[in-house]
Amino acid sequence: MINNVEIDVKKLVGKRIREYRQKHKMSQETLSEIIEIDSKHLSNIELGKNMPNPQLLLRIARAFGVEIKELFEICHLLPDEELKKETLCLIENLSGEQLKCAYKYIKSFVL
């Protein structure tokens, strides 16, 4: 749970895998062949219907050249309201200098 809100890890991990697949300009069929599973199974993983087992997670991570833990970096995929809350929590813990840098960075997107 993040900020007392239950998140669907299967769905977010599936979105993260899709995100990596699209970043690498791979079709589901291509990735399925690389990781040696049926494309329907990959589709169900990306839709959050199935959660890949550890061995499959390793094959997926290797296909993208990343560590398994990167497939679980999913906070940026949270709904906008939850992402805002998480960002504010992070900002509250910044030092003065870090806050100034964060402000400049965020402001560059707003203007």
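Sequential numbering from 1 along the given sequence is applied to the chain's residues. Values reported hereafter were calculated over all heavy atoms of this structure, with side chains retained and with hydrogens, waters and symmetry mates removed.
- In plain terms, the two heavy atoms of Ser32 and Ser39 that are nearest each other are OG-CA, 3.1 Å.
- Transitive grouping of hydrophobic side chains (ILVMFWY, heavy atoms separated by less than 4.5 Å) brings Val9 and Ile60 into a common cluster.
- Note that the CD1 atom of Ile35 and the OG1 atom of Thr30 stand 11.0 Å from one another [nearest 0.5 Å].
- For Lys10, the side-chain contact (heavy atoms from CB on, under 4.5 Å) partners at least two apart in sequence or on another chain are Asp8, Met51.
- Annotation: salt bridge (Lys or Arg N to Asp or Glu O under 4.0 Å) contacts involving residues 43-58, sequence neighbours excluded, comprise Arg18-Glu46, Arg21-Glu46.
- Closest of all the heavy-atom pairs between Arg16 and Leu71 is CG-O, 3.4 Å.
- A 4.5 Å side-chain heavy-atom check between Phe64 and Lys23 finds every atom pair outside the cut-off.
- Counting heavy atoms from C-beta outward, Met26 and Ile34 have side chains that approach closer than 4.5 Å.
- Listed by first and then second residue, the ring-ring contact (aromatic ring centres under 6.0 Å, His included) pairs that reach into residues 26-61 come to none, sequence neighbours excluded.
- Put simply, CD1 on Ile74 and NZ on Lys11 are 13.0 Å apart, with the number rounded to the nearest 0.5 Å.
- The distance from the CD1 atom of Ile37 to the CG atom of Asn50 is 9.0 Å, given to the nearest 0.5 Å.
- Applying the ring-ring contact (aromatic ring centres under 6.0 Å, His included) definition to pairs two or more places apart or across chains, those involving residues 69-107 are Tyr105-Phe109.
- Residues Leu47 and Leu57 fall into different hydrophobic clusters, defined by Ile, Leu, Val, Met, Phe, Trp and Tyr side chains chained together at heavy-atom separations under 4.5 Å.
- Rounding to the nearest 0.5 angstrom, the gap separating the CG atom in Asp38 from the CD atom in Glu33 is 11.0 Å.
- Not a single salt bridge (Lys or Arg N to Asp or Glu O under 4.0 Å) links Glu97 to another residue, sequence neighbours left out.
- Taking the side chain as every heavy atom from C-beta outward, Pro52 and Ile17 approach each other to under 4.5 Å.
- Nearest heavy atoms, Cys75 versus Leu83: O-CD1, 3.4 Å.
- For Thr87, there are no side chain to side chain donor-acceptor pair (under 3.5 Å) partners, not counting sequence neighbours.
- Closest approach of Pro54 and Ile68 over heavy atoms only: O-CD1, 4.4 Å.
- The side chain to side chain donor-acceptor pair (under 3.5 Å) pairs that include a residue from residues 51-73 are Tyr20-Glu70, where partners are two or more places apart or lie in different chains.
- Among residues two or more places apart in sequence or in another chain, the salt bridge (Lys or Arg N to Asp or Glu O under 4.0 Å) test is passed with Lys40 by none.
- Glu82 places no side-chain N or O within donor-acceptor distance of the main-chain N or O of Pro79, the cut-off being under 3.5 Å.
- When the side chains of ILVMFWY residues are joined at heavy-atom separations under 4.5 Å, either directly or via intervening members, Leu90 and Leu94 end up in two distinct hydrophobic clusters.
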